[in-house]
Amino acid sequence: MAKQTTFKAADAMSAGNISIPFGIVRLVRTQMERLGLYRFFGQFKTRGIEFGYVFETMCVLQLSGNDSFSAMGELISSDTARDLLTHGYKIESWTMNRDIRLLHDYFEETIEFLHHAVEELYPEEGDPTVFVDGSHVERYGSKGGYTKAGEGGGTIQLQDQFMVAQNAVNGLPIMAEVYDGNLNDPPQYKDFLDQLKFYLKKGTMIVMDSGGSSAEILGNLREDKMEYLTRTRMNGSDGRTIQEDIGSMVYVGSRTGCIAHSFESSGKTNYLFFSADLFMLQSLSAKREQEEREFAQSVIRSPKLNKVVKIRKSDYFDVVIDKFSIQTKIDPWSDDTPIIAEGSKDGEFCGWFKLTCSKPLLPHVALTLYRGRVRIEHLISSMKSAVNLKPLRVWNKASVRGALLMAMIAELFVAMLKHDMEPDVEVRMVDGRMRRVESKPSDRSILASLGHLTVTRFYENEWSHRDVYSNQNALN
């Protein structure tokens, strides 16, 4: 039995002993071998250290939580670390800073290679379906090639934006691209889908949120023989449909009903869903907005300090405010303000949402497929946190694009491992029925477990050493 220790990865000892994240090293090397990336990356450089070894090192250190190239360089500065981690090569931080740009130079070739390699390892099962979504990475400085002030995290901030595509069947990421931080959704989706379709089979179902619902984007997808399922905005004709066809509503589960309407000429189908849970949430939100509106009217009509400021009382001092004023930002009496207009819209269609599909599906199938988008939301969250894409610490466009591709490949390694794991099965209540539900660990849990599985090299003298494997558990 291996001796258990409590050393953490990269804890350097005064005697020269060092602990390396053995589990993550094995993960990266195994997946690179399975995908054939050492051979493929070997074509990128003709001089110096092979790019496959440089990429492996960057990937291991990033998955271990070292998101700074200088921190990476410090970790592998010792002969011991190089022996265990970098195949004996001395890989400096400047080498990593330079070579990450190669992923930008060979971006499309790398995506295409990965697409074929993954397809060979995991042959397509069932109808091909792809989830598409985007997100942002906050930036602490404006010098980035893609960094612009844009809306993200509920505020205006400096950021880069990116988009990702995920195979809905096996959960593996298949493509990513970076965009300016202030670019709106429609042009992002248009550019990204124009690139993505070259890697997809005809008839692939693309599932996306309302950012990809413009008439131009959906028309282009149909011209390219692709199917789509997207959320779209409700309009006046939908209100009339609800009034006229409410009797045809069918229950689809999870306290949700649906009115479906297909167009014979094109096959396009609109699904008008009513969710009792969404109705409750939107009703509470509308109530809070109405209360805030009435409060604002009261303050503006009769400004009083105690309505807006809570003054702390003390036996030792008094607070004296000689003058204060209220400056109106939005007229709370007008129905044309953005907040009021949005609230009235929610009131008209409270609890309703609309999906549009290029071909007729059963309502419960369309809803289940769209709700499956939560998987790509989890993937993006993992890329930003577990895989440590956030915060970005590179600035020029080539390095940023290379960093995004490295994060996608690192996420691919974790997703492949997760896909191959046997799921845990439990029986629990779902929508009023007892069902068998499969579950697997999160990406963060997998990486935490692998990161704790370490090999520590102890030097007993100048000529001999011993390796101790530590922190083994059922997962790693």
Side-chain angles (χ1 to χ4, degrees), residues 58 62 67-70 96-108 110-111 131-166 173-197 206 208-218 220 230-231 233 329-330 338-339 342 373 376-411:
M58 292 190 295
Q62 181 154 351
D67 50 31
S68 164
F69 284 147
S70 59
M96 292 183 277
N97 271 305
R98 179 196 63 197
D99 283 5
I100 197 172
R101 302 177 192 180
L102 292 172
L103 290 174
H104 162 76
D105 296 339
Y106 296 94
F107 194 95
E108 289 76 16
T110 303
I111 292 290
F131 296 134
V132 172
D133 205 355
S135 188
H136 62 274
V137 177
E138 184 179 359
R139 291 294 223 144
Y140 304 106
S142 59
K143 63 181 180 180
Y146 293 98
T147 303
K148 299 288 189 299
E151 185 177 352
T155 185
I156 302 297
Q157 61 184 11
L158 291 173
Q159 62 184 23
D160 293 1
Q161 296 187 107
F162 66 94
M163 295 202 68
V164 181
Q166 178 190 37
I174 58 177
M175 184 177 166
E177 186 58 276
V178 64
Y179 295 96
D180 287 342
N182 62 351
L183 193 63
N184 293 329
D185 282 350
Q188 281 190 66
Y189 272 86
K190 184 178 184 303
D191 179 79
F192 187 73
L193 292 171
D194 283 345
Q195 297 181 57
L196 176 65
K197 65 188 179 186
I206 299 175
M208 51 194 170
D209 64 13
S210 57
S213 63
S214 73
E216 180 184 7
I217 291 174
L218 301 183
N220 289 343
T230 182
R231 184 166 181 167
R233 294 178 65 90
K329 296 192 299 184
I330 298 176
I339 294 176
E342 190 65 30
R373 286 184 58 258
I376 194 170
E377 293 172 1
H378 291 163
L379 181 143
I380 289 174
S381 176
S382 177
M383 285 180 61
K384 292 168 67 173
S385 56
V387 178
N388 297 300
L389 175 63
K390 180 182 180 181
L392 269 171
R393 297 187 183 276
V394 288
W395 297 100
N396 67 65
K397 287 192 171 185
S399 296
V400 171
R401 203 162 179 243
L404 175 64
L405 183 54
M406 183 174 73
M408 193 206 85
I409 297 174
E411 177 61 34

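This structure is a prediction, so every number in the text was calculated from the model and none was measured.
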Residue pairs involving residues 141-159 (criterion salt bridge (Lys or Arg N to Asp or Glu O under 4.0 Å); sequence neighbours excluded):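 Matches after skipping sequence neighbours: none remain.
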
Glu177/Lys190 salt bridge by N-O under 4.0 Å criterion: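 Looking at Lys190 and Glu177, the cut-off is not met.
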
Residues Arg101, Asp105: salt bridge by 4.0 Å N-O rule: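 Salt bridge flag = no for Asp105 with Arg101.
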
Please determine, by modelled atom types, if [X] and [Y] share a side-chain donor-acceptor pair under 3.5 angstrom.
| X | Y | value |
| --- | --- | --- |
| Asp209 | Tyr189 | yes |
| Asn184 | Gln188 | no |
| Tyr179 | Asp160 | no |

Nearest heavy-atom neighbours spanning [X] and [Y]:
| X | Y | result |
| --- | --- | --- |
| Ile376 | Asp133 | CD1-N, 3.6 Å |
| Gln161 | Leu183 | NE2-O, 2.9 Å |
| Ser213 | Thr230 | CB-OG1, 3.7 Å |
| Ile174 | Ile111 | O-CG2, 3.8 Å |
| Met408 | Ala176 | SD-N, 3.7 Å |
| Val132 | Ala165 | CG2-CB, 4.3 Å |

Can you tell if the side chain of [X] reaches within under 4.5 Å of the side chain of [Y], non-hydrogen atoms only?
| X | Y | result |
| --- | --- | --- |
| Tyr146 | Arg401 | yes |
| Leu193 | Met208 | yes |
| Ile206 | Phe131 | no |
| Ile409 | Thr110 | yes |
| Met383 | Val137 | no |

For the atom pair [atom1] ([X]) and [atom2] ([Y]), what is the distance rounded to the nearest 0.5 Å?
| X | Y | atom1 | atom2 | value |
| --- | --- | --- | --- | --- |
| Lys197 | Phe192 | NZ | CZ | 13.0 Å |
| Glu108 | Met175 | CD | CE | 7.5 Å |
| Ser210 | Asp185 | OG | CG | 7.0 Å |
| Met58 | Met406 | CE | CE | 5.5 Å |
| Leu379 | Glu377 | CG | CD | 11.0 Å |
| Gln159 | Asp180 | CD | CG | 10.5 Å |

Under the ring-ring contact (aromatic ring centres under 6.0 Å, His included) test, residues paired with Tyr106 that sit two or more places apart: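 In terms of ring-ring contact (aromatic ring centres under 6.0 Å, His included), with neighbours along the sequence ignored, Tyr106 is linked to Phe44.
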
Side-chain (Glu138) to main-chain (Leu158) donor-acceptor, under 3.5 angstrom: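 Between the backbone of Leu158 and the side chain of Glu138 there is no qualifying donor-acceptor contact (under 3.5 Å).
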
Ser385 side chain vs Ser381 backbone, donor-acceptor pair below 3.5 Å: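 Yes, because the side chain of Ser385 sits within donor-acceptor range (under 3.5 Å) of the backbone of Ser381.
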
Verdict with reasoning, Trp395 to Val400, per side-chain contact (heavy atoms from CB on, under 4.5 Å): CA-CA 6 Å; Trp395 297 100; Val400 171; 5.7 Å; no

Residue pair Glu411, Ile380: steps toward the side-chain contact (heavy atoms from CB on, under 4.5 Å) verdict: CA-CA 9 Å; Glu411 177 61 34; Ile380 289 174; over 6 Å; no

